[in-house]
Amino acid sequence: MSGAIAQLKADGVYKKLNYLESPQAARVRMEGRGEVLILSSNNYLGLSAEPSVVEAGHEGLRRFGAGTGSVRFICGTFTVHRQLEAALARFVGTPAALSYVSCWNANEGLTATIAEEGDFVVSDALNHASIIDSIRLAKTITKCTTAVYKHGDLDDLREKLSANKAARRRIIWTDGVFSMEGSIAKLPDLLQIARDYDAILVMDDSHSTGVLGATGRGTAEHFGVVGEVDVITSTLGKALGGAAGGFVAGSAALCDMLTQRSRPQLFSNALPPTVAASALASVEFLETHPERVQTLRDNAQYFRKAIIEAGLNPLAGDTPIVPIIVGETAHAIRMSEMLLDEGIFVTGFGFPVVPQGTARLRCQISAAHTRTDLDDAVRAIANVARRVGLMK
Ligand SMILES: Cc1ncc(COP(=O)(O)O)c(C=O)c1O
């Protein structure tokens, strides 16, 4: 193990942890560095430090105590879980929802519960690691057949579904927003394909919930198809307060079956009530303050335009994820460190998170950023890009 770690360090791809001393916000205090501006957080709406969200957590702690002390089906289900799940279902437009301690767990528990031997599961090549692992696990447990279609390639998807017409059931898995590209799934086409091939469409909306659509209801709202996606999974750890937790939203029967059968639900403690209470307050905040989503959208557009005007060439897109490709992983990590020296926290992502040679600085914009924050960030990124020879 120590040899492998030494190698990571020698290759310049070792991930060093940075410790924050203040709440997640546009500007934070970082241990040993003082104030830094964050462009790496999933706190898309700034709700991590929103007073009503923080207070709801305090109230949850006072009312329900520090933890659940149990899995859901034994004695770990609290009334706040029911309230949260009703709010989440209402928000994303499904009949029901079920919470998990993370979206990772929600995804992991889902595929193996809904798939059976004789089923066919097909997944976009750029889907999140939790979806990939969920399908691998389901394949091992259920002996279902699986395949990966080229990213966003609808012809490839159709071909793979066509070749599996005889399967008992077909399941298509996609991200709503692809987290490393900031691109949006072609949802209307995917819905049509699901209808054409009698397939179930499952969408992970972790980077879309609270982000896409006029009122933040996600990818389905963005395309005007709320209520049409069979199953939506998402996280509470990004726009909805940024703490932890995830959920599956779909039919009441699906949520009931997951409660009965999905292994993270059966064998791992329930979402802590404090977290559930904060997430519930986040949903309620968003329902009454949809303008926060517009602020996020305006900020993202402002940053994207400014970074292009500064001479950089981010991946095109329409989300608050603005990736700037820099090539080698070590390059991305070094640039990230140079930016930190300038007081800007932007994480560099490399292999194996993204393919070799496409390492990137992934900028994530928040509604909490001011225009001054965004101007400061653009100036610093352009300076560092010039110093490493990424642009003149
Ligand atoms: C698309 C996607 N799905 C799932 C997850 C996992 O979410 P959580 O942190 O709630 O486990 C993430 C987090 O990075 C994600 O980006």
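Hydrogens, waters and symmetry mates play no part in the numbers below; they use all other heavy atoms, side chains included. In what follows, residues are counted from 1 in the order of the sequence shown. Just so you know, ligand 1 is whichever comes first in the structure, and atom 1 is the first atom listed for that ligand.
- Taking 4.0 Å as the cut-off between side-chain N and carboxylate O, Arg33 and Glu21 do not count as a salt-bridged pair.
- A distance of 11.5 Å separates CH2 in Trp104 from OG in Ser206, rounded to the nearest 0.5 Å.
- Contact check on Asp198 versus Arg169 returns no salt bridge, with no Lys/Arg side-chain nitrogen under 4.0 Å from an Asp/Glu carboxylate oxygen.
- In terms of protein heavy-atom proximity, atom 14 (O) of ligand 1 is closest to Lys238 NZ, 2.9 Å.
- Listed by number with element, the atoms of ligand 1 under 4.0 angstrom from any heavy atom of Ser130 are 3 (N), 4 (C).
- Applying the side chain to side chain donor-acceptor pair (under 3.5 Å) criterion to Asp124, with sequence neighbours excluded, gives His151.
- Proximity to Ser206 (heavy-atom distance under 4.0 Å) selects the following atoms of ligand 1: 1 (C), 2 (C), 3 (N), 4 (C), 15 (C).
- When hydrogens are left out, the protein atom nearest atom 9 (O) of ligand 1 is Thr235 OG1, 4.1 Å; that is the closest non-hydrogen contact.
- We find that Lys16 and Glu337 are not joined by a salt bridge, their nearest charged nitrogen and carboxylate oxygen being 4.0 Å or further apart.
- At the shortest separation from atom 11 (O) of ligand 1 among protein heavy atoms lies Trp104 N, 3.0 Å.
- Shown in contact with His207 at under 4.0 Å from a heavy atom are these atoms of ligand 1, numbered in order with element: 16 (O).
- Per-residue contacts place Gly245 under 4.0 angstrom from the following atoms of ligand 1 (heavy atoms of the residue considered): 10 (O).
- Looking at Tyr302 and Asp375, their side chains do bring a donor and an acceptor atom within 3.5 Å of each other.
- Ranking the protein heavy atoms by distance from atom 5 (C) of ligand 1 puts His128 CE1, 3.3 Å first.
- In summary, Lys150 and Glu159 do not engage in a salt bridge, as defined by a charged side-chain N under 4.0 Å from a carboxylate O.
- Taking distance alone, with nitrogen or oxygen atoms compared against 3.5 Å, Cys103 approaches ligand 1 more closely than that limit.
- Nearest to atom 4 (C) of ligand 1 by heavy-atom distance, out of Asp204, Leu126, Thr233, is Asp204.
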